[in-house]
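Okay, structure first, notes after.
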Amino acid sequence: MRKPIVLVIMDGVGKGDGGAGDAVKLANTPTLDKLLATCPHTYLKAHGTAVGLPSDEDMGNSEVGHNALGCGQVYSQGAKLVGESIENGSLFQSATWKELVANCLENDKAFHFLGLLSDGNVHSNISHLIALLKKAKEEGVKKVYCHILLDGRDVPATSALEYVEQLETVLASLNEPGYDYAIASGGGRMQITMDRYEANWGMVEAGWRTHVQGQGRQFPSAKEAIETYRAETGCIDQDLPAFVVARDGAPVAKIVGGDSVVLFNFRGDRAQEISLAFDRKEFSHFDRGDYTGVKFAGMLQYDGDLNIPEHYLVQPPVIQNTLTEVLCAAGVREYALSETQKYGHVTYFWNGNRSGKIDETLEVYEEIPSDVIPFEQAPAMKSVEITDHMVEAMASGKFDFLRCNFPNGDMVGHTGVLDAVVYAMECVDRGLARILEAADKYGYTVLVTADHGNADQMTETKKGKTSVRTAHSLNAVPFIIYDKDETYAIKDGKYGLANVAPTVVKLMGLTAPDCWEESMI
């Protein structure tokens, strides 16, 4: 190994078109500009088949992106994994599905489906929900209720009514005398239920009050709730308040003790906390009232090491031969750093969906607590603190491979507030400048990349109308090699995120597993 290596992941920073919605281009980023003008670099595919998703129409995300970055291989992921299990019928043959259905049939219990209602293929897909609903009807389940979380983040910002209409059409087709298939509750994904990394348990509690206890403002339909809230608040879908669908002044359905419940999201980060609330007898994050337990399952197991949840419908990919395993086997000392919002990405997802460390003696992980504040109000997030800690770790000389994630481009990008995203990018650029300065001083090679695009495409134009875009982009992401002393050349070729790990190993003079993609140098 010529030098120790620092990998900087600029979360949500792709190559945009340079137009009015490209916050990366609009920002004053002299460091990034200089790197792209003077250093060996290429652009990596970070979506679709390059990260194991079904098609190249599917946008990448931080989870599959960090899986690919950290394992050097492409695995079937998320939507593709679930879609295959529905197609081949293995989901419905699982012991978990059979137990959930039997509970409804034998004990006259309701079947509830909770999750994000869209076809974004990042957290969920409405087609999966529809397949589950149709199978429940086929098997004779009479009471089935949907608790829907509105997206507007992985899909157009105000598209919720399209998905609600699609779902209502399916539910109507399944209803007949003696059957009750209906939407029972809902709300924006950034208001209720879908918190992650324990950043805001209040969101989860709000979802619990809505879905389980039926508390909240009542409407005769989800459509009326959405239209009313839009008129009153002007919010996009992800920020719409919670609602309860009611008949004759009472909730259509609460999730009551003994019912069967499926969380149909397949992505793990925003599924874990609500899963714990349903799944754990011992639970102290908020008062669950008179909750006595349900038959609960996730679409996937969201954390295998922590057993969240205990029961699930689809077996997750078993990711073997990760970069961390290879480096630990070679005795390489590692350091991983981010703030709470992306800490799990540089640890759990990076290590192939595993909690904990591969080798306690060789690895140090550091988390900087994120502030609980809307990201557009503090777009710097913890970029200064992340930089401080990374520079300190570099100065210590204790580590051979260091990685960090700056969440700003993604988390602020999701707000849709362009000025805030521009400032967020400038904060990341300042952090990057300090890391390069430390690299020169202490003798490091620095690799700069991203996990997917977001900040690079903040608007979209459809049918001549331009609107705010809050979803990830399909754009490629940069991969840059910086070293003031060494000269490297990137080979011609088409590369994806999975080519980063082999390149790291090549730089270190180690041998990559045969199952990996090729190195870029």
Side-chain angles (χ1 to χ4, degrees), residues 53-54 58 78-87 89-92 94 96-97 100-101 104 110-139 141-155 159-175 179-189 192-194 207 210-211 221-223 226 237-238 245 252-253 255 259-268 270-271 274-275 278 294-300 302 309 311-314:
L53 296 171
D58 297 320
K80 186 175 182 181
L81 191 66
V82 174
E84 289 170 353
S85 73
I86 289 173
E87 233 176 274
S90 61
L91 186 155
F92 302 117
S94 68
T96 298
W97 175 262
L100 293 167
V101 170
C104 297
F111 206 156
H112 301 266
F113 295 95
L114 166 65
L116 187 67
L117 189 72
S118 82
D119 58 2
N121 266 7
V122 175
H123 290 271
S124 66
N125 193 304
I126 189 173
S127 67
H128 300 159
L129 170 62
I130 291 170
L132 299 181
L133 292 170
K134 289 181 176 180
K135 190 65 175 181
K137 173 65 184 297
E138 180 184 319
E139 299 199 24
V141 181
K142 290 185 165 53
K143 295 179 291 186
V144 177
Y145 304 105
C146 299
H147 304 266
I148 59 173
L149 301 167
L150 309 178
D151 194 347
R153 192 176 178 96
D154 301 325
V155 292
S159 56
L161 288 175
E162 299 173 23
Y163 301 107
V164 167
E165 181 179 359
Q166 185 180 352
L167 177 58
E168 291 281 25
T169 299
V170 171
L171 294 172
S173 73
L174 299 175
N175 271 319
Y179 288 80
D180 189 17
Y181 281 57
I183 296 174
S185 70
R189 59 180 281 182
I192 62 171
T193 313
M194 281 178 60
T210 304
H211 313 309
S221 69
K223 179 176 184 289
I226 294 166
D237 296 342
Q238 64 179 339
V245 179
V252 164
I255 299 176
D259 281 349
S260 292
V261 180
V262 164
L263 178 58
F264 62 84
N265 286 8
F266 46 73
R267 175 167 148 180
R270 294 190 183 274
I274 191 64
S275 294
F278 278 114
V294 296
K295 297 285 187 182
F296 178 78
M299 182 66 87
L300 298 172
Y302 307 120
H311 300 289
Y312 48 97
L313 299 177
V314 179

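Basis for what follows: all heavy atoms, side chains included, without hydrogens, waters or symmetry-related copies.
The aromatic rings of F113 and F111 lie parallel to each other, with less than 30° between the two planes, well short of the 60° mark.
Two residues are said to be in side-chain contact when any heavy atoms from C-beta on lie closer than 4.5 Å; F264 and H128 fail this criterion. Inter-residue side-chain proximity for L100 and V141 is flagged as unmet; no heavy-atom pair is nearer than 4.5 Å. Within the 4.5 Å cutoff, side-chain heavy atoms of I183 are placed close to those of E168. Taking the side chain as every heavy atom from C-beta outward, L116 and M194 approach each other to under 4.5 Å. L114 places a side-chain heavy atom less than 4.5 Å from the side chain of H211.
In this structure S260 satisfies the side-chain hydrogen bond (donor to acceptor under 3.5 Å, both in side chains) test together with N103, sequence neighbours excluded. Partners of N125 by side-chain hydrogen bond (donor to acceptor under 3.5 Å, both in side chains), not counting sequence neighbours, listed by chain and number: N121, S127. For E165, there are no side-chain hydrogen bond (donor to acceptor under 3.5 Å, both in side chains) partners two or more places apart in sequence or in a different chain. For F296, the ring-ring contact (aromatic ring centres under 6.0 Å, His included) partners at least two apart in sequence or on another chain are F278. Every residue meeting the side-chain contact (heavy atoms from CB on, under 4.5 Å) condition with S94, not counting sequence neighbours, appears here in chain and number order: T96, W97, L313. Not counting sequence neighbours, the partners of Q166 by the side-chain contact (heavy atoms from CB on, under 4.5 Å) test are I126, I130, Y163. Qualifying side-chain hydrogen bond (donor to acceptor under 3.5 Å, both in side chains) partners for S90, counting only residues two or more places apart in sequence or in other chains: N88. For D58, there are no salt bridge (charged side-chain N to carboxylate O under 4.0 Å, His left out) partners two or more places apart in sequence or in a different chain.
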Under 3.5 Å, which donor-acceptor pairs do the side chains of residues 142-153 form with other protein atoms, sequence neighbours left out?
from : atom 1 : to   : atom 2 : distance (Å)
K143 : NZ     : D108 : O      : 3.2
Y145 : OH     : D180 : OD2    : 2.8
H147 : ND1    : S185 : OG     : 2.7
H147 : NE2    : H112 : ND1    : 3.0
D151 : OD1    : R153 : N      : 3.0
D151 : OD1    : D154 : N      : 3.0
D151 : OD1    : R189 : NH1    : 2.8
D151 : OD2    : S118 : OG     : 2.7
R153 : NH1    : Q238 : OE1    : 2.7

Distance-only check: which donor-acceptor pairs under 3.5 Å involve side-chain atoms of residues 80-87, not counting sequence neighbours?
from : atom 1 : to  : atom 2 : distance (Å)
S85  : OG     : V82 : O      : 2.8

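Looking only at distances, no side-chain donor or acceptor of N265 sits under 3.5 Å from a matching main-chain atom of A271.
Of all the heavy atoms in A222 and V164, the pair that sits closest is CB-CG1, 4.1 Å. Looking at every heavy atom in both residues, F266 comes nearest to V122 through CE1-O, 3.2 Å. Closest approach of L300 and P309 over heavy atoms only: O-CD, 3.7 Å.
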Is there a side-chain contact (heavy atoms from CB on, under 4.5 Å) between L263 and Y302 once you walk through the steps? CA-CA 11 Å; L263 178 58; Y302 307 120; 3.7 Å; yes

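For the salt bridge (charged side-chain N to carboxylate O under 4.0 Å, His left out) condition, the pairs that include at least one residue of residues 119-137, sequence neighbours left out, are K135-E138, K137-E176.
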